[in-house]
Amino acid sequence: MLCRSRFLCSALALAATSLFSPHLLAAEAWPSKPIRLVVPYPPGGSSDIIARSIGQLISQELKQTVVIDNKPGANGNLGAEFVARAPADGYTWLLCDLGALAISPSIYTKLSFDPSKALRGAAMLAYSPHMLVVHPSVQASNLKELVELSKKQDLNFAVTASGSAPHLAGVELARITGAKWVYVPYKGGVQSVQDTVAGQTQVLMNGMLATYPHVQSGKLKLLGISKNTRMPLIADVPTLAEQGAQGFASGTWQGVVLPAQTPEAVVQRVHQVLLGAIRSPEVRARLVAQGAEVITMTPTETDKFFNAERARWRTVVQTAKLQLD
């Protein structure tokens with residue numbers, strides 16, 4: 001009887017420990033206050049567009065306010081660091097271009113945090129290929145003509161931010177084709193687009209989601225897209241690979257990451273809510289109409305993607321000998 005009594009007591013104690021563990025209690029009570037969705041870029045870019053497209057749906061599902069918090073600076077690193085150092089309780093999310101975030105450890109010599117260790121994936125949401133566009137005054141209608149023109153006259157290439165994915169895409173495209181241009185850095189995609197529309201810069205590579213409306217209005221001339229296959233929305237526009245940049249593909253990959261120690265149960269709940277929002281008919285239709293594809297990944301797949309992108313762009317950074325403080 002004594003042994004049996006001790007066994008029962010031990011079993012009950014173990015059950016109580018499991019039942020009332022902090023992580024389980026946190027998951028069951030979550031969410032009990034507003035969600036802060038950090039976008040580490042200025043308003044109007046691809047990540048911001050997606051954040052504002054899904055914010056209300058997330059709010060409705062969780063029955064909590066979702067605050068879109070733009071924290072631009074240092075090519076998204078300021079906002080990313082803010083989330084990395086936030087409490088791991090599921091109330092602070094980062095929605096950004098995960099490909100660009102993967103570049104940071106390779107290009108920044110004084111990065112104060114390691115994204116792959118300080119953050120964990122929640123979900124991949126969408127992909128938007130980079131568009132190669134020029135001001136309408138530029139006398140080139142395809143990649144070959146642009147490369148030839150770049151060798152005859154000065155062309156300013158608008159960089160959405162030093163060390164950003166569009167910046168490295170431009171560097172890699174120039175390496176492959178022999179194009180020559182002067183890189184003009186900005187603090188975000190919106191300003192770089194605006195200055196190219198105004199003719200202050202002549203060449204731009206940027207995510208389709210934020211750039212295509214200006215192509216539609218005739219304010220920018222589209223020369224090609226950086227995707228392996230053509231986009232159904234603009235099936236008559238050839239890829240850059242088709243135009244001689246063999247194997248070239250780049251783009252913006254919008255996803256959500258959380259502080260690394262966020263409980264698994266909360267991560268999975270965030271993942272489910274995000275997928276429900278991004279796959280909703282109204283959001284999907286809106287994004288497709290603007291040139292973005294809804295491409296989702298699990299938390300584990302998102303982390304694997306991040307690590308693969310980190311390795312890929314490290315090679316480009318080392319080849320180009322790019323370093324930033």
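We use all heavy atoms of the structure for the numbers below, so side chains are in, but hydrogens, waters and symmetry mates are not. Index from 1, following the sequence.
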Atom pair CD/CD1 of Gln216 and Ile234 - distance to nearest 0.5 Å: 9.5 Å
Is the shortest side-chain heavy-atom distance between Val83 and Arg85 below 4.5 Å? no
Classify the side-chain pair Thr109/Gln323 by whether it contains a donor and acceptor separated by less than 3.5 Å. no
Do Val203 and Val215 land in one hydrophobic cluster if side-chain heavy atoms of ILVMFWY residues count as linked below 4.5 Å? no
Output yes when a side-chain donor or acceptor of Ser128 lies under 3.5 Å from a complementary backbone atom of Leu209, and no otherwise. yes
Looking at Tyr91 and Ser32, would you say the former's side chain and the latter's main chain have a donor-acceptor pair under 3.5 Å? yes
Tell me, do Trp93 and Leu258 make a side-chain contact under 4.5 Å, heavy atoms counted? yes
Within-4.5 Å side-chain heavy-atom neighbours: Lys33 and Asp89: yes
Quick one: do the Arg120 and Thr262 side chains pair a donor with an acceptor below 3.5 Å? no
Can you tell me if His135 and Thr196 form a side-chain donor-acceptor pair at under 3.5 Å? no
Under a plain distance cut-off of 3.5 Å, with no hydrogens placed, do Gln272 and Gln268 share a side-chain donor-acceptor pair? no
For a side chain to side chain contact (heavy atoms under 4.5 Å, CB included) check, start with the C-alpha distance between Arg175 and Thr319, then their side-chain angles and the critical distance, and finish with the verdict. CA-CA 10 Å; Arg175 185 191 68 80; Thr319 302; 4.0 Å; yes
Verify the distance criterion only: is there a donor paired with an acceptor across the side chains of Asn206 and Thr211 at less than 3.5 Å? yes
Of all heavy-atom pairs linking Ile107 and Gly163, the shortest is CD1-CA, 3.4 Å
Heavy-atom closest contact (Pro43 atom, Val190 atom, distance): O-CG2, 3.1 Å
Spacing of Ser116 atom OG and Arg310 atom CZ [to the nearest 0.5 Å]: 4.0 Å
Which pair of heavy atoms, one from Ala260 and one from Lys117, lies closest together, and at what distance? CB-O, 3.2 Å
Just by modelled atom types, is the Val267 backbone N or O under 3.5 Å from a matching donor or acceptor in the His271 side chain? no
Hey, does the side chain of Thr177 reach the backbone of Leu173 with a donor-acceptor pair shorter than 3.5 angstrom? yes
Which value, rounded to the nearest 0.5 Å, describes the distance between Ile68 atom CD1 and Ser47 atom OG? 11.0 Å
Test item: Trp30 side-chain N/O and Gly90 main-chain N/O as donor-acceptor pair under 3.5 Å: yes
Indicate yes or no: at least one non-hydrogen side-chain atom of Val193 is less than 4.5 angstrom from one of His214. yes
Same hydrophobic cluster for Met231 and Leu220, using side-chain heavy-atom links shorter than 4.5 Å among ILVMFWY? yes
Residue pair Lys304, Glu301: steps toward the salt bridge (Lys or Arg N to Asp or Glu O under 4.0 Å) verdict: CA-CA 5 Å; Lys304 287 182 178 179; Glu301 290 169 341; over 6 Å; no
Could you tell me whether Lys71 atom NZ has more than 12 heavy atoms of other residues or ligands within 6.0 Å of it? yes
Quick check: does any side chain N or O of Arg230 sit under 3.5 Å from a backbone N or O of Ala235, one acting as donor and the other as acceptor? yes
Answer with yes or no whether the hydrophobic clustering places Leu168 together with Met205; edges join I, L, V, M, F, W, Y residues whose side-chain heavy atoms lie under 4.5 Å apart. yes
Give the intermediate values and the outcome of side chain to side chain contact (heavy atoms under 4.5 Å, CB included) for residues Asn142 and Leu223. CA-CA 5 Å; Asn142 54 52; Leu223 303 189; 5.7 Å; no
Asn77 side-chain N/O to Gly73 backbone N/O, donor-acceptor pair under 3.5 Å: no
Same cluster or not: are Met208 and Leu222 linked, directly or through other Ile, Leu, Val, Met, Phe, Trp or Tyr residues, by side-chain heavy atoms under 4.5 angstrom apart? yes
Take His130 and Ile225 through the test side chain to side chain contact (heavy atoms under 4.5 Å, CB included) and record every step on the way to the result. CA-CA 6 Å; His130 287 143; Ile225 61 168; over 6 Å; no
Would you check if the side chain of Gln202 reaches a backbone N or O of Val134 as a donor-acceptor pair within less than 3.5 Å? no
If you measure from CG on Leu95 to CG on Leu37, what distance do you get to the nearest 0.5 Å? 5.5 Å
Enclosure of Gln246 CD (heavy-atom neighbours >12, cutoff 6.0 Å): no
Are any non-hydrogen side-chain atoms of Asp97 and Tyr41 less than 4.5 angstrom apart? yes
Ignoring hydrogens and geometry beyond distance, is a side-chain donor-acceptor pair present between Tyr108 and Ser162 at under 3.5 Å? no
Are Tyr127 and Thr252 packed together at the side-chain level, in the sense that at least one heavy-atom pair is separated by less than 4.5 angstrom? no
I'd like to know if the side chain of Glu293 reaches the main chain of Gly291, judged simply by a donor and an acceptor atom lying under 3.5 Å from each other, with no hydrogens or angles considered. no
Any chance NZ of Lys219 has more than 12 other-residue heavy atoms, nucleotides or ligands included, within less than 6.0 Å? no
Verdict with supporting geometry, Thr296 and Arg279, side-chain hydrogen bond (donor to acceptor under 3.5 Å, both in side chains): CA-CA 9 Å; Thr296 59; Arg279 289 174 176 174; 2.8 Å; yes
Will you find, in the side chains of Lys227 and Thr229, an N or O donor that is under 3.5 Å from an N or O acceptor? yes
Would you check if Phe306 and Leu101 make a side-chain contact, meaning some heavy-atom pair closer than 4.5 Å? yes
Quick one: pull up CD in Gln290 and CZ in Arg286 and give me the separation to the nearest 0.5 Å. 8.0 Å
Might you point out which heavy atoms bring Ala245 and Ile176 nearest each other, and give the distance in Å? CA-CG2, 3.9 Å
Say you draw a straight line from CD1 of Ile54 to CD of Glu61; how long is it, rounded to the nearest 0.5 Å? 12.5 Å
With side chain to side chain contact (heavy atoms under 4.5 Å, CB included) as the criterion, how do Glu282 and Leu57 come out once you've worked through the C-alpha distance, each side chain's angles and the decisive distance to 0.1 Å? CA-CA 10 Å; Glu282 61 268 34; Leu57 293 175; 3.7 Å; yes
Side-chain donor-acceptor contact under 3.5 Å, Tyr186 with Asp195: yes
N/O donor-acceptor pair under 3.5 Å between Thr302 side chain and Gly121 backbone: no
Ignoring hydrogens and geometry beyond distance, is a side-chain donor-acceptor pair present between Ser112 and Glu81 at under 3.5 Å? yes
Nearest heavy-atom pair of Ser46 and Gln254: which atoms, and what distance? CB-NE2, 3.7 Å
In terms of hydrophobic clustering (I, L, V, M, F, W, Y; side-chain heavy atoms under 4.5 Å; direct or indirect links), are Val237 and Leu204 co-clustered? yes
Say whether Ser164 and Asn75, considering side chains only, have a donor N or O and an acceptor N or O under 3.5 Å apart. no
Identify the heavy atoms of Gly218 and Pro136 that sit nearest to each other, and give their distance. O-CG, 3.7 Å
Would you mind reporting whether Leu240 and Leu132 have side-chain heavy atoms less than 4.5 Å apart? yes
